[in-house]
Each structure stands twice: as structure tokens, then as C-alpha cells.
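First up is the structure itself, then whatever we jot down about it.
These numbers come from a predicted model, not from an experiment. When reading the values below, keep in mind they use all heavy atoms of this one structure, side chains included, and skip hydrogens, waters and symmetry mates. Protein chains get the first letters and strands the later ones, always in sequence-line order, with residue 1 at the start of each.
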Protein chains: 2
Amino acid sequence: MQIELKPFQALTLWKEIAISEVRDDAHDLTMRQLAVLLTVYLEPPPHTIRGMAAKLKVTKPAITRALDTMGGYGLVDRHRDEKDKRNVLVKRTVKGALYVEKLGDLVIAKARGLPL
Amino acid sequence: MQIELKPFQALTLWKEIAISEVRDDAHDLTMRQLAVLLTVYLEPPPHTIRGMAAKLKVTKPAITRALDTMGGYGLVDRHRDEKDKRNVLVKRTVKGALYVEKLGDLVIAKARGLPL
DNA sequence: CGAGATCATTTCGGTTCCGTATCATTTTAT
DNA sequence: ATAAAATGATACGGAACCGAAATGATCTCG
């Protein structure tokens, strides 16, 4: 699929996806939670709380809470790092992978449907 | 700009923008507020509270609150409809237009920087 | 071994947002 | 004229989230 992405189309794409997320709020993730989720699923591990807090420029409790919430949804998992038991490593789950995959499909579908 | 948008790239784009929004939280808009904002700026008027509530499948108070918040930021404005004084019409502002324009630039910039 | 550093979590007070229900205003229809 | 409908705003109780600070566990290193 080839698209000529211009500002209006880019924003329309973003709008359509935002609306889809609001409408079918399967989980009602905040922007922050989404940023955490996509970081975990798109960037190579390991992912620590401190590392993600630094990356997103938010406090550590904010990351902890985001993981609490998404962990409750089954979208991510946490395990102690056996090498350094102070660390907690964020792990992917099957359910989370499915969710992210569906989000990718949504972006593609919306991009395909853009008025070009 | 031409991009071959594949699932991983699409998600990476979405991730990068989500992170940018979280990082430089100029206004820290929620997904819902963003959906409202982009609807107002990308779709032809008029925009009523009821109409947007229906479009986003959320309750009217949720729209009212989103407009309260973004109105406080100066991103949108509200006026009574003189034709039917029950209605409130959501209006665009210069500040809001600038914000949306910058968001468009961000999407373009991130899309341009994707590993293709 | 022990003091200090590091890491994640919890606690705290405060803010924001949610949906339901209600209210005030205006329009429509009888 | 007046009852009913429609529209947006508000009140309310509950839930989620925020950052700062305190806590508990673990590691580092002198």
C-alpha cells in the first residue's frame, strides 16, 4: 500500500484511530498507557520501570500504575529480574500481542480508507 | 512523501506520536479530548454536543467536560446557536488551529523518520 | 560486614474524569 | 396556551490518575 501522506490526511488518520479507540473502548487506555504498551511490544527487551519512566519522561509511579492497570487487563505481565532482584522486567502476553496486532490492523485499514 | 505503510511501521508511527504527546504534554489531552478536537478541526461544521456524543458513542456530559477542559486551554470555543437556542455550536480558535497544525507536522515528521 | 545507592512499590492529598440522574432553557406539537 | 420533547449543563458518588515522599528490598563497594 502506498499513500501520499499529507498533513490533512495524517490528521484524518490520527482522528479516525482516536475515534475508534474511544468508541470501542475495549480497554479505554490513556495515551500514556498506550505509549507504554507499544514500547513494550515494539522495542526489544528488556523493559524496566525506570527505563520506561526515563523514556517517557514521567515518574516511576506513573509507569507502575499503568502496568497495574494493563496487567489487570492481561495486556502485560511483570517478573522480577533474577539477575538483579531490584529490577522488574515487563513481559509481553498473548492477549497483549493480539491487542497490538489488532491496533496495527486498524491503522492500516484506516490509512487504506483515506481520501487520497 | 511516499511511505510503504506496513503493520510494524504503522504501529511504530503511532507509538512515536503517543510518546511525543506524553513527553511534551503541552496540554496532556486524553484520547477522548483528542478525538473531539480533531473532529472539530477536520470535519465541516456545525458541531453540536449531541452530535459529537453520538459520533464518539459517549455520553453528553463527557463531551461537555472535554469542551470545558479544552476551552480552558483556549483550544475550542462555544456559542449558542441563534437559530435554535437549545443547541451549542463548537467553534475553532486560532490557538486550537495552531495546536492541530503542529500535531499534523509531528505526524509527518515521525512518518518521514520511519525505518522503511 | 555495613553504609549508601538503586529500584519498584506504596502512601498521601489532591485533581480529573466517568456515567447516571436531574435541572434549566428552548422548541415543538396538540 | 400548555404539555411533551429536545438540548446542554450541573450535581453527585465513585473510580482512576497524578507527583512527591516514604518504604522495603536488593545490590555495590569500601
Would the distance check show the side chain of A:Lys60 and the main-chain N or O of A:Ala53 forming a donor-acceptor pair, the cut-off being under 3.5 Å? no
Would the distance check show the side chain of B:Thr93 and the main-chain N or O of B:Gly74 forming a donor-acceptor pair, the cut-off being under 3.5 Å? yes
Toward the 5' end of DNA chain D, which comes first, A:Ala66 or A:Lys85, by nearest nucleotide? A:Ala66
Would you mind reading off the distance between B:Lys83 atom NZ and C:dT28 atom P, rounded to a whole angstrom? 13 Å
Heavy atoms from C-beta onward define the side chain here; which of D:dA20, C:dT27, C:dG19 lies closest to that of B:Asp84? C:dT27
In whole angstrom, give the distance that lies between atom CZ of B:Arg65 and atom C1' of C:dA21. 13 Å
Assign A:Thr30 to base, sugar-phosphate, or nothing according to its heavy-atom contacts below 4.0 angstrom with the strands shown. nothing
Closest heavy-atom pair and its distance - A:Val22, B:Ala35: CG2-CB, 4.1 Å
Does OP1 or OP2 of D:dA6 have a side-chain N or O of B:Asn87 closer than 4.0 Å? no
Side-chain atoms of A:Arg80 come closest, of D:dT10, D:dT28, C:dA8, to C:dA8
Interatomic distance, B:Lys57 NZ vs C:dC18 P [rounded to whole Å]: 18 Å
Compare side-chain N and O positions of A:Thr64 against OP1 and OP2 of C:dA8 and report whether any pair is under 4.0 Å apart. no
Specify the separation, in whole Å, of atom CD1 of B:Ile63 and atom P of D:dT10. 16 Å
Checking D:dG19, D:dG8, C:dA8 against the side chain of A:Ile49 (C-beta onward), the nearest is C:dA8
Looking at B:Arg32, I'd like to know whether one of its side-chain N or O atoms comes within less than 4.0 Å of OP1 or OP2 on C:dG19. yes
Starting at CZ of A:Arg50 and ending at P of D:dT26, how long is that distance when rounded to a whole Å? 19 Å
Gap between atoms CG and C1', on B:Leu67 and D:dT7 respectively (whole Å): 14 Å
When you measure from the side-chain N and O atoms of A:Arg78 to the phosphate of C:dT9, is any distance below 4.0 Å, counting only OP1 and OP2? yes
Taking atom types as they are modelled, is there a donor-acceptor pair under 3.5 Å from the base of C:dA8 to the side chain of A:Lys60? yes
Quick one: is C:dT16 close enough that its OP1 or OP2 comes under 4.0 Å of any side-chain N or O from B:Gln33? no
Check the phosphate of D:dC17 against A:Thr69, side-chain N and O only, distance under 4.0 Å to OP1 or OP2. Yes or no? yes
Within the 4.5 Å heavy-atom criterion, are A:Met31 and B:Leu34 side-chain neighbours or not? yes
Report the distance from atom CE of A:Met31 to atom P of D:dC17, rounded to the nearest whole Å. 15 Å
B:Arg78 side chain near B:Asp68 side chain, heavy-atom distance below 4.5 Å: yes
Protein-nucleotide distance (B:His79, atom NE2; D:dG8, atom P), rounded to Å: 15 Å
